[in-house]
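Down below is the structure, laid out as structure tokens.
Quick note on labels: first sequence line is chain A, next is B, and so on, each numbered from 1.
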Amino acid sequence: MIDKVYCVDVKPEMEGKKVKLAGWVYRKREVGKKVFIVLRDSSGIIQIIFRKEDGDAYQKAKSTGIESSVVVEGTVKADPRAPTGVEIQGERLEIIQNVEFFPITKDASDEFLLDVRHLHLHSPKVAAVMKVKATLMQAAREWLLQDGWYEVFPPILVTGAVEGGSTLFKLKYFDRQAYLSQSAQLYLEAAIFGLEKVWSLTPSFRAEKSRTRRHLTEFWHLELEAAWMDLWDILKVEEELVSYMVQRTLELRRGDIETFRKDFTTLRKTVPPFPRISYDEAIDILQSKGVEIEWGEDMGADEERILTQEFESPFFVYGYPKHIKAFYMKEDPEDPRKALAADMLAPEGYGEVIGGSQREDSYEKLVQRILDEGMDPKDYEWYLDLRKYGSVPHSGFGLGLERLVAWVMNLDHVRWATLFPRTPSRLYP
RNA sequence: GCCGCCGUAGCUUAGUUGGUAGAGCGCCGGACUGUUAAUCCGGUGGUCCCCCGUUCAAGUCGGGGCGGCGGCGCCA
């Protein structure tokens, strides 16, 4: 390991100190008898200046291309003309690997950046998104730990669907058919009988040919499931968790968020309690805005977008009609037309980031729902067992991590919130 | 699955009523005493997505195909 300092740690007060840095050539400008190299590492940038009288180092500096990997030694010098107010007088330059030309230049389309995503990951802007994503999960872990939740590790290779059958990726499992998991939920439900409050972070796979800014075929799914909680209990968990994630990330990664987001209003307002509106109220709001929608219809993307404009923080919509929601969601005892389900929608048009519900804990009702959906209870035998051997009221939810990142970072598409996005048309790189 | 759009140099693109392909960036060479995506001068670079057709002549017109993008539905 090279004994080096990070770019961000070079301060004007260190004037005169000799330092070693390692990174990549971010910008290079040749002016007269000087070469300015802006060096980039994971922390940030710093300008290095090489003068002709530096001889060998100057010649090498002249020959490096953008994104070459280099190790630099020199002396710190405060200078207001440098991009960060401090620079390095370069004395030695070791080119680890010279790059003749880097394929990404200033005019690059989104499509091209995805084609060379492995190189796009050099970009500080991409790094900012990934740092925010890492910090959101760091915060989630902090909150989950202090609130007594156990992390569990559910299977990814599964035999059946959580909801619907057409959206599963099929694969060969020796001489049988298996699928890639689209949600850990059913397995988390099993885990609560020993651990009560559990969570997992897993990839989830959806073979939907969805061409929208909020869909990936592979995404990171943060799921929680808890025994003894009803819908209203789990909503409190959701808002406390999400607000902690957002506030903590705001505290630790403000600068990184600023690379994409200028207005912090909605993030600052992401504190409990989040507004709660019923499905009925949502329909009223939409109808009052002239949207043609009737009770019982599911809200489409347009409706959801209109609704999010009414709020300045994430908010809940609860009490959806049962028939538009998944079979495992508990029927509302006070209104059998409805399910004890709630989605959390992000403001600014982003929409659904969480889908959650109280789960149906009655064996008979669950069997009936499975039959109503045209599915075979035999395929859910172990899941139904959970309602026969010590069934308890329980609730849970799933959060789409890339959707949360996309909202926090104000991204125009969830694909920018993941390292190597997978969409119906993109499996490479 | 449905609706709409696009495909020209490494990248971003112009290309008129069909007349034989142009620019910017990058890259290479040169100039320049401090640049901030430096600037200036010169050079390099083309399977016009593929196939078939119309025509004296197709990047351009017609048919088919392939690939991608934007949105809807579905969802996190």
Side-chain angles (χ1 to χ4, degrees), chain A residues 26-38 45-53 62-63 65-67 77 79-85 87 89 99-116 119-120 161-167 181-185 201-224 238 242 297-305 324-326 343-346 350-356 396-407 412-415 417-418 423-426:
Chain A
Y26 186 57
R27 300 275 187 267
K28 189 179 86 171
R29 305 175 191 105
E30 291 180 57
V31 182
K33 305 274 182 282
K34 296 187 173 75
V35 179
F36 298 90
I37 284 183
V38 178
I45 58 166
I46 185 121
Q47 178 165 280
I48 326 283
I49 175 167
F50 294 94
R51 300 158 307 180
K52 193 164 191 180
E53 54 265 39
K62 271 184 82 161
S63 73
I66 298 297
E67 293 302 331
K77 186 166 161 275
D79 194 314
R81 293 170 296 185
T84 58
E87 64 186 10
Q89 285 280 353
V99 175
E100 199 170 316
F101 86 96
F102 195 68
I104 300 174
T105 59
K106 68 171 184 176
D107 294 310
S109 60
D110 287 353
E111 195 183 334
F112 180 69
L113 291 175
L114 292 168
D115 288 341
V116 291
L119 301 179
H120 191 207
V162 173
E163 42 205 294
S166 58
T167 66
S181 171
Q182 56 181 189
S183 167
Q185 181 196 316
L201 178 68
T202 59
S204 278
F205 303 88
R206 304 277 166 94
E208 300 157 346
K209 288 191 176 166
S210 307
R211 303 193 40 84
T212 80
R213 62 188 61 196
R214 4 173 243 299
H215 285 87
L216 295 167
T217 52
E218 177 180 339
F219 67 96
W220 285 85
H221 210 170
L222 175 62
E223 292 172 278
L224 274 70
E238 290 177 32
V242 168
E297 289 181 70
D298 204 358
M299 284 184 284
D302 291 339
E303 288 77 29
E304 208 174 86
R305 205 169 299 121
I324 58 172
K325 285 292 176 182
D343 290 342
M344 184 193 290
L345 311 197
Y350 281 88
E352 186 172 357
V353 291
I354 283 181
F397 66 91
L399 177 151
L401 188 57
E402 286 79 10
R403 286 190 178 178
L404 184 67
V405 173
W407 166 57
D412 61 19
H413 198 300
V414 288
R415 66 188 168 202
T418 201
T423 63
S425 59
R426 212 170 271 286

Requested in this report: Report, as yes or no, whether the 6.0 Å neighbourhood of atom CD on A:E100 holds more than 12 heavy atoms from other residues, nucleotides or ligands.
Outcome: no

Query raised in the report: When the P atoms of B:G4 and B:A23 are considered, how many whole Å apart are they?
Result: 38 Å

Query raised in the report: Taking the P atom of each, how far is B:U47 from B:G53, in whole Å?
Result: 23 Å

Query raised in the report: Which part of the nucleic acid does A:D343 contact within heavy-atom distance under 4.0 Å: base, sugar-phosphate only, or nothing?
Result: nothing

Requested in this report: Please state the P separation for the pair B:A21 and B:G26 - nearest whole angstrom.
Outcome: 26 Å

Requested in this report: Whole angstrom is fine here: how far is it from CZ in A:F50 over to C1' in B:U33?
Outcome: 18 Å

Query - Gap in Å between the two P atoms, one belonging to B:C61 and one to B:C6, rounded - result: 11 Å

Requested in this report: Take atom CZ of A:R29 and atom P of B:U33, then tell me their distance rounded to the nearest Å.
Outcome: 18 Å

Query raised in the report: A:Q47 near the nucleic acid: base, sugar-phosphate alone, or nothing, with a heavy-atom cut-off under 4.0 Å?
Result: base

Query - Pairs where residues 29-38 of chain A contributes a residue and the test salt bridge (Lys or Arg N to Asp or Glu O under 4.0 Å) is met, not counting sequence neighbours - result: A:K28-A:E30

Query raised in the report: Taking atom C1' of B:G73 as reference, at what distance in whole Å does atom CD of A:E303 sit?
Result: 12 Å

Report summary line: Taking B:C27, B:C74, B:U35 as options, the one with an atom nearest any side-chain atom of A:H215 is B:C74

**Report entry** Qualifying residues under salt bridge (Lys or Arg N to Asp or Glu O under 4.0 Å), relative to A:E87, sequence neighbours excluded
**Finding:** A:K77

Report task. Would you kindly compare A:G398 and A:D79 by the position of their nearest RNA chain B nucleotide and give the one closer to the 5′ end? Result -> A:D79

Requested in this report: Would you mind classifying the nucleic acid contact of A:K77 as base, sugar-phosphate or nothing, using non-hydrogen atoms under 4.0 angstrom?
Outcome: base

Query raised in the report: Which part of the nucleic acid, if any, lies within contact of A:R81, taking any heavy atom under 4.0 Å across all strands shown: a base, the sugar-phosphate backbone alone, or nothing?
Result: base

Report task. Determine the minimum heavy-atom distance between A:P83 and A:Q47, stating which atoms define it. Result -> CD-OE1, 3.5 Å

Query raised in the report: Choosing from B:C27, B:U12, B:U35, which nucleotide comes nearest the side chain of A:S109?
Result: B:U12

Under 3.5 Å, which N/O atoms of the protein pair with N/O atoms of nucleotides 47-50 of chain B?
none

Report task. Answer yes or no: is there a donor N or O on one side and an acceptor on the other, between the side chain of A:E402 and the main chain of A:W220, under 3.5 Å? Result -> yes

Query - side chain to side chain contact (heavy atoms under 4.5 Å, CB included) evaluation trace for A:E218 with A:L216 - result: CA-CA 5 Å; A:E218 177 180 339; A:L216 295 167; 5.7 Å; no

Query raised in the report: Any ion pair linking A:D115 and A:R426 (charged N to carboxylate O, less than 4.0 Å)?
Result: yes

Query raised in the report: Roughly how far apart, to the nearest Å, are B:G29 and B:G65 at atom P?
Result: 49 Å

Report summary line: To the nearest angstrom, the NZ-C1' distance between A:K34 and B:U39 comes to 16 Å

Requested in this report: Pick the P atom in B:U12 and in B:U33, then give their distance to the nearest Å.
Outcome: 37 Å

Report task. Check side chain to side chain contact (heavy atoms under 4.5 Å, CB included) between A:T202 and all other residues, then give those that pass, not counting sequence neighbours. Result -> A:P154, A:I156, A:A184, A:S200, A:S204, A:H221, A:E223

Query raised in the report: Taking the C1' atom of each, how far is B:C32 from B:G59, in whole Å?
Result: 41 Å

Query - Whole-Å gap separating P (B:U35) and CD1 (A:I45) - result: 16 Å

Query raised in the report: So what does A:V31 touch, heavy atoms closer than 4.0 Å: a base, only the sugar-phosphate, or nothing?
Result: base

**Report entry** Step-by-step side-chain hydrogen bond (donor to acceptor under 3.5 Å, both in side chains) determination, A:T167 to A:Q182
**Finding:** CA-CA 8 Å; A:T167 66; A:Q182 56 181 189; 2.8 Å; yes

Requested in this report: For side chain to side chain contact (heavy atoms under 4.5 Å, CB included), just list the numbers for A:R206 and A:T217, CA-CA rounded to whole Å, side-chain angles, deciding distance to a tenth of an Å, and then say yes or no.
Outcome: CA-CA 5 Å; A:R206 304 277 166 94; A:T217 52; 5.8 Å; no

**Report entry** Aromatic stack A:F36/B:G34: centroid gap under 5.5 Å, interplanar angle under 30°
**Finding:** no

Query raised in the report: When the distance from CD of A:E30 to P of B:U33 is rounded to whole Å, what number comes out?
Result: 14 Å

Query raised in the report: Do you know which of A:E352, A:R403, A:H413 makes side chain to side chain contact (heavy atoms under 4.5 Å, CB included) with A:R214?
Result: A:R403

Query raised in the report: Reading RNA chain B 5' to 3', what string of ( ), [ ], | and . shows its pairs, if Watson-Crick and G-U wobble pairs count only when both distances fall under 3.5 Å?
Result: (((((((..((((.....[..)))).(((((.......))))).....(((((..]....))))))))))))....

**Report entry** Between P of B:C27 and CD of A:E100, the distance in whole Å
**Finding:** 10 Å

Query - Base versus backbone protein contacts along nucleotides 65-72 of chain B [heavy-atom cut-off under 4.0 Å; B, S, -] - result: ---SBBBB

Report summary line: Of the candidates B:C75, B:C25, B:G34, the side chain of A:T105 sits closest to B:C25

**Report entry** Listed nucleotide nearest any side-chain atom of A:E208, set B:C75, B:G34, B:G10
**Finding:** B:C75

Query raised in the report: Checking all strands, does A:L401 fall into the base, sugar-phosphate, or nothing category for heavy-atom contacts under 4.0 angstrom?
Result: nothing

**Report entry** Nucleotide of B:U12, B:U33, B:A76 approaching A:K33 most closely (side-chain heavy atoms)
**Finding:** B:U33

Requested in this report: Describe the nucleic acid contact of A:E87 in one word from base, sugar-phosphate, nothing, applying a heavy-atom distance below 4.0 Å.
Outcome: base

Query raised in the report: Taking CZ from A:F101 and C1' from B:G45, how many angstroms apart are they, rounded to a whole number?
Result: 11 Å

**Report entry** Side chain A:S183, main chain A:Q185, donor-acceptor under 3.5 Å
**Finding:** yes

Requested in this report: Please state the C1' separation for the pair B:G68 and B:U8 - nearest whole angstrom.
Outcome: 16 Å

Query raised in the report: What are the two closest non-hydrogen atoms of A:V99 and A:E67, and how far apart are they?
Result: CG2-O, 3.5 Å

Report task. Have a look at A:I49 and say if it touches a base, only the backbone sugar-phosphate, or nothing, with a 4.0 Å heavy-atom cut-off. Result -> base

Query raised in the report: What is the minimum heavy-atom distance between A:D343 and A:G355, and which atoms define it?
Result: OD1-CA, 3.4 Å

